Protein chains: 2
Amino acid sequence: MTYHHGDLRRALLAQTASAIAEDGVARLSMRALAKRAGVSNAAPTYHFGDKAGLLTALAAEGFDLLAEAMADAGDGQGHVARGVAYVEFALRCPSHFTVMFQPRLLHDDDPELVAARQRAWGALSVGVDEVRSGPDADFGVASWSLVHGYATLVLSGAIEPDDALRQARAVAAHLVSEADGRT
Amino acid sequence: MTYHHGDLRRALLAQTASAIAEDGVARLSMRALAKRAGVSNAAPTYHFGDKAGLLTALAAEGFDLLAEAMADAGDGQGHVARGVAYVEFALRCPSHFTVMFQPRLLHDDDPELVAARQRAWGALSVGVDEVRSGPDADFGVASWSLVHGYATLVLSGAIEPDDALRQARAVAAHLVSEADGRT
DNA sequence: GAGCAAACTTTTCATTGACAAGATACTCTC
DNA sequence: GAGAGTATCTTGTCAATGAAAAGTTTGCTC
């Protein structure tokens, strides 16, 4: 426990997530992070190369979590349930979610990131392909936009929901009624 | 032109917007900004107090521009046109739009910011109140989420649209058809 | 033209990210 | 079980940055 932490990489990722949740990405400090984890200031750099590398790893983890969440919600459940699961993930892992959609903060061509993102996109589009039956090629984009927008607005504080998940359900319901209406 | 710039504040805001559009908010440097504007490194601080103050001013400007855009699109036009105008604004002023929804970067209680935001919210909700006729209290949130999400996804690079505005129209159309179906 | 406030500069300081070089602990082989 | 090699972490250093203090110039007013 002195020199070899055991699983410092994982610990740093967890600390990063909570630090971002508290103070935002902008105020994330590698040195403060290292101090919080009880290691020297160069330890994070060893594991992640640089700050962008750290955030890249967090984003990749986020994409995997999202893919997992979508897969769990996708078995037999409806389109609404998937949308709600998307929002639920964003609210449960706000730091991951935030970083995932800010490529400027990341090494955007990192192989692991690209792979994880690919998996998440796959898990997303499966549900869309199920529903999209007509000539409406933009329905998938609209669905994604709806849930992504709601999550983003809540996380940014623009919307202060009484009960976020109830509202998410109500919002996502607009998708299904739309799809049903079109079929 | 030597000591008194004339309109340095405005010039700095413009430079900030283009700098963010190029490299992202994270890599925005007050000193580099000052150098680009041809002034000393403390000049921006004089006008805006600190970095958050600079971004606060940019966000406030953004909210005013958004309010203006919504007002222009709102006269007699339909709900779809307003949604498209929202997206169009986001794509036209990506730096403003990005900063507006990251309160962590701002002095969130700044009076001018609060006022400008209030105006923008007002301009937004007017259109919603027109359409919302039934008991669907969440329709406004859904509308906002849809266009905000689409704009965000395009700006983050998650969606690479062939023609963003055409797609925005198609996406926004989901709103109206929904509203019509409910009435 | 003297005072005065606004606008900007120069200087300084603590913090930060990144890097280089060194120290320590684990592991594998023989 | 001992030595070699490697992964993991530390210490020290550097340039860049945001912020603040103190000084300088410009324009306005009376």
Side-chain angles (χ1 to χ4, degrees), chain A residues 1-20 22-59 95 99 102-110 112, chain B residues 1-20 22-59 95 99 102-110 112:
Chain A
M1 173 82 172
T2 52
Y3 228 89
H4 280 54
H5 181 283
D7 205 353
L8 181 57
R9 186 188 155 94
R10 188 176 304 271
L12 286 175
L13 280 178
Q15 297 264 10
T16 301
S18 70
I20 292 178
E22 288 176 14
D23 294 337
V25 203
R27 291 183 201 169
L28 177 70
S29 159
M30 299 274 284
R31 295 173 101 104
L33 181 70
K35 186 168 279 184
R36 252 174 77 164
V39 293
S40 83
N41 50 31
T45 302
Y46 170 74
H47 282 283
F48 300 104
D50 57 3
K51 196 175 185 177
L54 170 64
L55 296 179
T56 299
L58 192 70
S95 306
V99 168
Q102 288 191 275
R104 286 257 170 66
L105 299 178
L106 315 176
H107 294 147
D108 206 33
D109 52 350
D110 177 86
E112 300 199 17
Chain B
M1 171 80 172
T2 51
Y3 229 90
H4 281 55
H5 182 283
D7 204 354
L8 181 57
R9 186 189 154 95
R10 189 177 303 271
L12 286 175
L13 280 177
Q15 297 263 9
T16 301
S18 69
I20 292 178
E22 289 176 13
D23 293 337
V25 203
R27 291 183 200 170
L28 177 70
S29 159
M30 299 275 282
R31 296 174 101 104
L33 181 69
K35 186 169 279 183
R36 252 174 76 164
V39 292
S40 84
N41 51 30
T45 302
Y46 170 74
H47 283 282
F48 301 103
D50 57 0
K51 196 175 184 177
L54 171 64
L55 296 179
T56 299
L58 192 71
S95 304
V99 168
Q102 288 191 274
R104 287 258 171 66
L105 299 177
L106 315 176
H107 293 149
D108 205 33
D109 53 351
D110 177 87
E112 300 199 16

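From a predicted model like this one, the values you see are computed outputs, not experimental measurements. Each chain gets a letter, A, B and so on, in the order its sequence line appears, and its residues count up from 1. Quick note: numbers below take in every heavy atom, side chains included, and nothing from hydrogens, waters or symmetry partners.
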Euclidean distance, atom CG of residue D50(B) to atom P of dT17(D) [Å, nearest integer]: 17 Å
Please give, in whole Å, the distance from dC8(C) P to N41(B) CG? 14 Å
Atom CD in Q102(B), atom CG in D108(B): separation rounded to 0.5 Å? 12.0 Å
Starting from the C-alpha separation in whole Å, work towards a yes-or-no answer on side chain to side chain contact (heavy atoms under 4.5 Å, CB included) for T16(B) and V99(B). CA-CA 11 Å; T16(B) 301; V99(B) 168; over 6 Å; no
dT10(C), dG12(D), dT9(C): which one has an atom nearest the side-chain heavy atoms of V39(B)? dT9(C)
How close do D110(A) and T56(A) get, heavy atom to heavy atom, and via which atoms? CB-CG2, 3.7 Å
Nearest whole angstrom, please: distance from the P of dG17(C) to the CZ of R27(A). 14 Å
Send over the distance from Y46(B) OH to dG23(D) P, rounded to a whole Å. 18 Å
Atom-to-atom span, CG of D7(B) to P of dG27(D) - whole angstrom: 15 Å
Taking N or O atoms only and anything under 3.5 Å, show me the protein contacts with nucleotides 14-16 of chain C, one pair per line.
none

Among residues at least two apart in sequence or on other chains, which ones pass side chain to side chain contact (heavy atoms under 4.5 Å, CB included) with A52(B)? D50(B), H107(B)
Nearest-Å distance for atom pair CZ/P, residues F48(A) and dT8(D): 12 Å
Nearest whole angstrom, please: distance from the P of dA18(C) to the CG of L33(A). 13 Å
Side-chain contact, heavy-atom cut-off 4.5 Å: Y46(A) with L8(A)? no
Is it the case that more than 12 heavy atoms not belonging to Q15(B) sit under 6.0 Å from its CD atom? yes
Write down the distance between NZ (K35(B)) and C1' (dT9(C)), rounded to a whole number of angstrom. 15 Å
Taking the side chain of A42(A) as heavy atoms from C-beta outward, which of dT9(C), dC8(C), dT11(D) is closest to it? dT11(D)
Is there side-chain contact between S18(A) and R36(A), with heavy atoms separated by less than 4.5 Å? yes
Per atom distances to the H47(A) side chain, the nearest of dT9(C), dT10(D), dT8(D) is dT8(D)
